[in-house]
Amino acid sequence: MDNQYGTTFEENTEVNYIGILDYLRDNAGVSYSKPEADGIEEKEKRRLLEVRQRGRDVIAELKKMATVFAQKYKLDKCMPMTWLDSSNIKTRRYLWAQLKYSKYADIPISISVFVERNKKNSTRYRVSLEIKNDGTDKAAMSQYHSHLHLPLNMAAGLVYVSGSNEWGNPVVINESKEEIKQDVVSGKIRKVQICKFVERKGDETNLYYHTEISKAIEALIPYYEYVLGIETMGYFPSLSEYDPGIKEEEYERILGDENLVKRTWLDTIYYLYLMGGVASCKQIANKYGGAALHYNRNAVHVAKAVHKETNCPLHTRETGEDQYWPILFLGKALPTGSEGTFSYKLRKPLMEAIKTLEERGVFQEMKEAYMAYDKNLILYGPPGTGKTYNSVIYAVAICDGMSREELTDYAAVMARYNELKKAGRIAFTTFHQSYGYEEFIEGIKPVVDDAKGKIGYTIEPGIFKKFCEEAEKHITEPHIFIIDEINRGNISKIFGELITLIECTKRAGMLEEASAVLPYSGKEFTVPSNVYILGTMNTADRSIALMDTALRRRFQFIEMMPNSQVLIDIHADKVEDLDVAAMLEKINERITFLYDREHTIGHAFFTELRGENAKIETLRSIFEKSVIPLLQEYFYEDYQKIQLVLGDNAKSSSDLKFIVDHKVVAKDIFRGNVEDVIDLPEKRYSINQAAFTNLNSYKEIL
């Protein structure tokens, strides 16, 4: 619908946020007096009536906004608002809606929504933790400034500002928190607000402003409740219902002991702390990446570790089920449509413990534990060692901020992998001998105009460049670019000048940030810091020693060798009384002796021997289609060595040999005597198909 300001807003957005901004832009500081006063000319009277009506309309719109947030966040006390300044002879230069919990209406602290001008003389919203105080009430100001005890939730776009609209527009403070505290104590800064600016944008909508202001209010509520001293506003269980009885020092001792609590478990409570102590797991995931389930799981890990160490009481639900999370948090269900379904609030002693642990560097250790994934990784090894399989696990683990050990359900991992691919956070390509710079970075593509009979050219971005451009839009949720068979491509040809830009220290935003001007488009290009490059390399195809030196020194290498224990773990190590794992180990021992370890045979070829597939028919297929062809490739035309690998040289019967040798007799092949003309081999070899279905053929490999 349209309003008097000529703007249109969505039916599902109740407040005309754009109209409020337009009002201030067009009506700030307009002179005013009562239209009913004596001696006012008719034209001026009409103008004053219009000014008053516009002012009343905008206040009605702000009250509508306050009602929306009262319902959503229980900020059910909206303080009186006015469109006139204190002199009553001009309209206000800014508008101000103070939102409070009604129980605390008498305290001058509020979450306030301001409508104000910016330096560009445009209008914007500013959502702030505010105090209505001229600075003379020292106790109230001290209570208000206690918000400086909490970390600033920068992920939510919060900043510190000094001053207020009464004294001119607030100014962002770029000092450290300790410097800010000192300036407050010395009186250099009278008031420090936490706020979020919501600036106007070209494609603005009322829904955009509603969403951004909602997020800002949600981020400010923990600070508001903290300075008011509210412990359990809507949260449960209360201390009278349940008290774990754990003091700050005990939390600090347990969480700081890596033997009790793994560093990688600490991310949930640390990110909660950074968000002011209150958030849902989904909100944490949206701010810092990863999955909500991961943060839920880590919270429970920590709670169980604390319980195990302290033997504190557990909170019991009405159903009789014990709950661990209340050891660390208070909680409450969130309304439909919120980010997440349940909000956690850190217990105050735990909040203080986290602050101390941060000073000790414990959370830096946590970050380093998660930095185990280098930005450039290559999984390398012989065929069938699970390189591609593991690239899926690595990709999901990096994207969701998890350890590989947590990802035990491969079906679930694969489903998540496909979700991330669909969302554009994972991309996959395979290098080959013909792969080039044009496919990878950018190139020129011909365009045929059939109507005019002419050929033109257009510059097309390659798969990696497009991926980087997309990743740059989401610099916080990690993006994984997988290159299968990375060693089969001509690295210098494919990467070109980007070979330097992929280095961790040269990424965008790093101290040594490097960029390159691309030759076709002429545009400057950098590789975003949130892009991980994950390659796979088959060492049987090309030795790592022969790899491009430039690539080798820019990647971390993770070796993946045959591991018969995998077959044991998944129960794919037995076919009747044949020990498949031991057989594989013996085959690889012989290959290593005769060739090298890079040409061994991977366990992945045998993983299908699980369950009902643990039978001779499956084993036959594996040997016939995978093992024998690989050995033929490794030992080209040297069947005697293949016999040695398979134990065919010493089997109890020729019927059990996979590779059967036959003595070569010249007279059976040629007429006359040819021995003086050519050198004939002593033996010729053939594959014995019958051996594939005889279990003893496999047993005697050992």
Side-chain angles (χ1 to χ4, degrees), residues 146-155 176-178 181 222-223 226 231 235 239 242-281 283-285 287-290 292-315 322-331 343-373 397 400-406:
S146 67
H147 68 70
L148 291 169
H149 297 159
L150 298 179
L152 184 65
N153 186 356
M154 291 184 287
S176 69
K177 186 186 287 189
E178 291 308 312
K181 287 180 180 178
Y223 301 92
Y226 184 85
E231 286 292 330
Y235 285 84
L239 282 176
Y242 169 73
D243 182 3
I246 303 172
K247 298 189 181 300
E248 173 190 339
E249 297 77 16
E250 193 72 348
Y251 280 123
E252 182 189 338
R253 178 185 70 81
I254 297 168
L255 300 183
D257 188 337
E258 200 167 2
N259 294 318
L260 302 176
V261 177
K262 291 181 181 179
R263 290 291 185 258
T264 52
W265 293 351
L266 294 173
D267 54 359
T268 308
I269 60 170
Y270 181 57
Y271 292 145
L272 262 173
Y273 168 79
L274 292 180
M275 295 173 76
V278 177
S280 68
C281 287
Q283 286 171 324
I284 297 174
K287 299 291 184 194
Y288 296 100
L293 180 62
H294 163 79
Y295 294 109
N296 267 310
R297 188 185 294 120
N298 275 358
V300 173
H301 282 326
V302 174
K304 285 185 174 180
V306 173
H307 174 258
K308 183 177 180 181
E309 181 66 10
T310 62
N311 199 31
C312 63
L314 289 173
H315 179 255
D322 286 335
Q323 292 183 302
Y324 287 91
W325 64 263
I327 294 172
L328 308 175
F329 316 108
L330 305 174
S343 175
Y344 291 109
K345 182 182 179 77
L346 287 170
R347 290 188 176 276
K348 195 166 185 179
L350 177 56
M351 193 86 167
E352 295 302 318
I354 293 171
K355 183 179 179 182
T356 305
L357 290 169
E358 184 178 41
E359 293 167 355
R360 282 173 46 189
V362 167
F363 297 106
Q364 182 58 35
E365 295 172 17
M366 176 204 82
K367 293 173 187 174
E368 289 170 0
Y370 273 121
M371 285 173 63
Y373 301 116
D400 287 348
M402 302 174 78
S403 65
R404 287 180 298 120
E405 290 72 20
E406 291 178 86

Next on the checklist: Looking at K262, I'd like to know if its NZ atom is crowded, meaning that more than 12 non-hydrogen atoms belonging to other residues, nucleotides or ligands lie closer than 6.0 Å.
Outcome noted: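 No.
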Check [X] against [Y] and note the closest heavy-atom contact, atom names and distance.
{"X": "Y251", "Y": "V306", "value": "CE2-CG1, 4.4 Å"}
{"X": "L266", "Y": "M366", "value": "C-SD, 3.6 Å"}
{"X": "L148", "Y": "K177", "value": "O-CD, 3.2 Å"}
{"X": "I327", "Y": "A303", "value": "CD1-O, 3.6 Å"}
{"X": "T268", "Y": "A299", "value": "OG1-N, 3.8 Å"}
{"X": "A305", "Y": "V261", "value": "CB-CG2, 3.8 Å"}

Checklist entry - Should the ring pair W265 and H301 be called parallel, tilted or perpendicular, given that the plane angle runs from 0 to 90° and is split at 30 and 60? => result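 Plane angle under 30°, so parallel.
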Next on the checklist: Once you measure the plane-to-plane angle for F363 and Y270, does it fall in the parallel (<30°), tilted (30-60°) or perpendicular (>60°) bin?
Outcome noted: parallel
Next on the checklist: Restricting to salt bridge (charged side-chain N to carboxylate O under 4.0 Å, His left out), what partner residues turn up for R253, sequence neighbours left out?
Outcome noted: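 With neighbours one apart ignored, the set is E250, E309.
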Next on the checklist: Holding to salt bridge (charged side-chain N to carboxylate O under 4.0 Å, His left out), I want the full list of residues that pass it with E359, two or more places apart in sequence or in another chain.
Outcome noted: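 For E359, no residue satisfies salt bridge (charged side-chain N to carboxylate O under 4.0 Å, His left out) once neighbours in sequence are set aside.
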Checklist entry - How many angstroms lie between CG in N296 and CH2 in W325, if you round to the nearest 0.5 Å? => result 11.0 Å
Item to check | Atom pair CD (E352) and NZ (K247), whose distance is rounded to the nearest 0.5 Å | outcome: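 Reported value, rounded in 0.5 Å steps: 13.5 Å.
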Checklist entry - Looking at I254, L260, L255, which one forms a side chain to side chain contact (heavy atoms under 4.5 Å, CB included) with D257? => result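 In the set I254, L260, L255, the residue that makes a side chain to side chain contact (heavy atoms under 4.5 Å, CB included) with D257 is L260.
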Checklist entry - Does any N or O in the side chain of N298 come within less than 3.5 Å of the main-chain N or O of T264, such that one atom is a donor and the other an acceptor? => result yes
Item to check | Under-4.0 Å salt bridge between K355 and E358 | outcome: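 Not counted as a salt bridge, because no side-chain N and carboxylate O are separated by less than 4.0 Å.
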Item to check | H147: partners by side-chain hydrogen bond (donor to acceptor under 3.5 Å, both in side chains), with sequence neighbours left out | outcome: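 side-chain hydrogen bond (donor to acceptor under 3.5 Å, both in side chains) check on H147 returns nothing, list empty.
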